[in-house]
Amino acid sequence: MSLTRNAGATAAQAANSRWLELLTRAGFIGYGIVHLLFAWLALQIAFGKSGEEGNQNGALRTLGAQPMGKFLLVAIAVGLFAMAIWQAFEAVIGHRYLRGKEKLFERIASVVRVIVFVWLGWTAIKVVQDASANAANQQQQFSEKLMASDGGRWLVGLAGLVLAAVGIGMVIYGLKKKFERNLKTGEMSPKTHTLTRRLGMAGYAARGAVFALAGVLIVVAAVKYDPEKARGLDAALRTLRDQSYGPILLALMALGIAAFGVYCFLQSRYRRV
């Protein structure tokens, strides 16, 4: 019992590290930059001007091609890995200010965030090494191989359902303003609080819609055995563009993703870390 308490105390001390907090807050700035670039790619896709893939991988590669881009990618990667460590602690011992189902939900969400932050950080490192392939193509090829195996189409379809559910949950999370429970709203001025709320609602709703659409397309790919639709976020954006009023809807979605990017900047100051 004492070993468990000592381990918990050590974990809590590590989670409260000042350096981890500073790196995590810097990570939010990098995460915001990635989403602003993602929004820019989505806007270009809306008007047929982008050859780059429309997802976070494409955003990181776009940044890497700029002057000082690789230096920024390394800085962003460090911040993202710090965010992953922070969320790992949150999954195990964090969210103590919450109770019941809300606490359980946030801890599960923290596990998902660990995976996302590690993947993005690793992708940033691969871009620095000039080793980042087109993620949409890789996802399509993997789905094609998986669907060719016994039960593979079921697994692809299940993955699509999970992604769609995550997207819908993200929309609900944003529209119900549940993200505010992780913010230090008491330290905000009324204007800052209103701005943060609006950016968070728009950002989570837009990101959730893209993820949900990507999940639906993956399910369709599994049902119709069409791996070209299993290209993740890139396929979702391009499919939306090709619909009636698609460019307008995609442009609005891009603005929502940009709103999330700005919201990340505010999180760097007001997020509970």
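Remember, it's a predicted structure, so these values are computed and weren't measured experimentally. Worth knowing before you read on, the calculation uses all heavy atoms, side chains too, and leaves out hydrogens, waters and symmetry mates.
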Inset, instruction - Output every pair passing side-chain hydrogen bond (donor to acceptor under 3.5 Å, both in side chains) with a member in residues 27-36, not counting sequence neighbours, ordered by first then second residue. - result: Tyr31-Arg207, His35-Arg207
Inset, instruction - List the atom of Ala254, the atom of Leu43, and the distance in Å for their closest heavy-atom pair. - result: CB-N, 3.9 Å
Inset, instruction - Would you please test Trp86 and Phe28 for ring pair (Phe, Tyr, Trp, His ring centres under 6.0 Å) and show each step? - result: CA-CA 12 Å; Trp86 160 59; Phe28 274 114; 5.7 Å; yes
Legend entry - From Leu250 atom CG to Asp242 atom CG, the distance as rounded to the nearest 0.5 Å: 10.0 Å
Legend entry - Contacts of Arg269 that satisfy side-chain hydrogen bond (donor to acceptor under 3.5 Å, both in side chains) - sequence neighbours left out: Glu187
Inset, instruction - Report yes or no: do Ile172 and Val112 belong to one cluster of Ile/Leu/Val/Met/Phe/Trp/Tyr joined by side chain heavy-atom distances under 4.5 Å? - result: no
Legend entry - For Arg197, all residues meeting side-chain contact (heavy atoms from CB on, under 4.5 Å), sequence neighbours excluded: Lys177, Glu180, His193, Met201
Inset, instruction - Please confirm whether Phe81 and Phe117 have ring centers closer than 6.0 angstrom. - result: no
Legend entry - Which atom of Phe179 lies closest to which atom of Thr196, heavy atoms considered: CE1-O, 4.0 Å
Inset, instruction - Please list, chain by chain and in numerical order, all residues satisfying side-chain hydrogen bond (donor to acceptor under 3.5 Å, both in side chains) with Ser110, sequence neighbours excluded. - result: Gln87, His95
Legend entry - Non-hydrogen side-chain atoms of Gln129 and Ile125 separated by less than 4.5 Å: yes
Legend entry - Which atom of Leu60 lies closest to which atom of Ala124, heavy atoms considered: CD1-N, 3.9 Å
Legend entry - Within-4.5 Å side-chain heavy-atom neighbours: Ile257 and Trp40: no
Inset, instruction - Determine the minimum heavy-atom distance between Ala202 and Ala259, stating which atoms define it. - result: CB-CB, 4.1 Å
Inset, instruction - Could you pull out all residues at least two apart from Gln243 that satisfy side-chain hydrogen bond (donor to acceptor under 3.5 Å, both in side chains)? - result: none
Inset, instruction - Output, in order, the C-alpha distance, side-chain angles, deciding distance and verdict of side-chain contact (heavy atoms from CB on, under 4.5 Å) for Leu183 and Arg272. - result: CA-CA 6 Å; Leu183 300 174; Arg272 297 177 187 269; over 6 Å; no
Legend entry - Heavy atoms of other groups near Lys103 NZ, more than 12 under 6.0 Å: yes
Legend entry - Linked, directly or transitively: Leu217 and Ile168 (ILVMFWY side chains, under 4.5 Å): no
Legend entry - Shared hydrophobic cluster for Val34 and Val116 (ILVMFWY, side-chain gaps under 4.5 Å): yes
Legend entry - Single-linkage hydrophobic cluster Val74~Val127, side-chain heavy atoms < 4.5 angstrom: yes
Inset, instruction - Output the distance between atom CD (Glu90) and atom CD1 (Ile85), rounded to the nearest 0.5 Å. - result: 13.0 Å
Legend entry - Set of side-chain hydrogen bond (donor to acceptor under 3.5 Å, both in side chains) partners for Thr192, sequence neighbours left out: Ser189
Legend entry - Qualifying residues under side-chain contact (heavy atoms from CB on, under 4.5 Å), relative to Phe105, sequence neighbours excluded: Tyr173, Arg181
Legend entry - Residues in salt bridge (charged side-chain N to carboxylate O under 4.0 Å, His left out) contact with Arg113, at least two apart in sequence or another chain: Glu106
Legend entry - Pairwise side-chain contact, Phe265 with Ile29, heavy-atom cut-off 4.5 Å (strictly under): yes
Inset, instruction - Determine whether Val216 and Leu163 make a side-chain contact, defined as any pair of heavy atoms from C-beta on separated by less than 4.5 Å. - result: no
Inset, instruction - Any chance you could measure Thr123, atom OG1, to Leu73, atom CG, to the nearest 0.5 Å? - result: 10.5 Å
Legend entry - Partners passing salt bridge (charged side-chain N to carboxylate O under 4.0 Å, His left out) against Lys70 (at least two apart in sequence or in another chain): Asp130
Legend entry - Inter-residue atom distance Asn182.CG - Arg271.CZ, 0.5 Å rounding: 4.0 Å
Can I get a per-line list of side-chain donor-acceptor pairs under 3.5 Å for residues 208-215, giving both atom names and the distance, sequence neighbours left out?
none

Inset, instruction - May I ask whether Leu195 and Met188 are part of the same hydrophobic cluster, defined by side-chain heavy atoms of I, L, V, M, F, W, Y residues being less than 4.5 angstrom apart, directly or through others? - result: yes
Inset, instruction - With sequence neighbours excluded, tell me which residues meet side-chain contact (heavy atoms from CB on, under 4.5 Å) with Leu23. - result: Val78, Ala82
Inset, instruction - Specify the closest pair of heavy atoms between Ile93 and Arg107, including all atoms of both residues, with the distance to one decimal. - result: C-NH2, 3.4 Å
Legend entry - Closest contact, heavy atoms only, Leu41 versus Ala59: CD1-N, 3.4 Å
Legend entry - Test side-chain contact (heavy atoms from CB on, under 4.5 Å) applied to Val219 - qualifying residues, sequence neighbours left out: Leu161, Val223
Inset, instruction - Evaluate side-chain contact (heavy atoms from CB on, under 4.5 Å) for Phe38 paired with Ile33, printing each intermediate quantity in order. - result: CA-CA 9 Å; Phe38 180 20; Ile33 292 173; over 6 Å; no
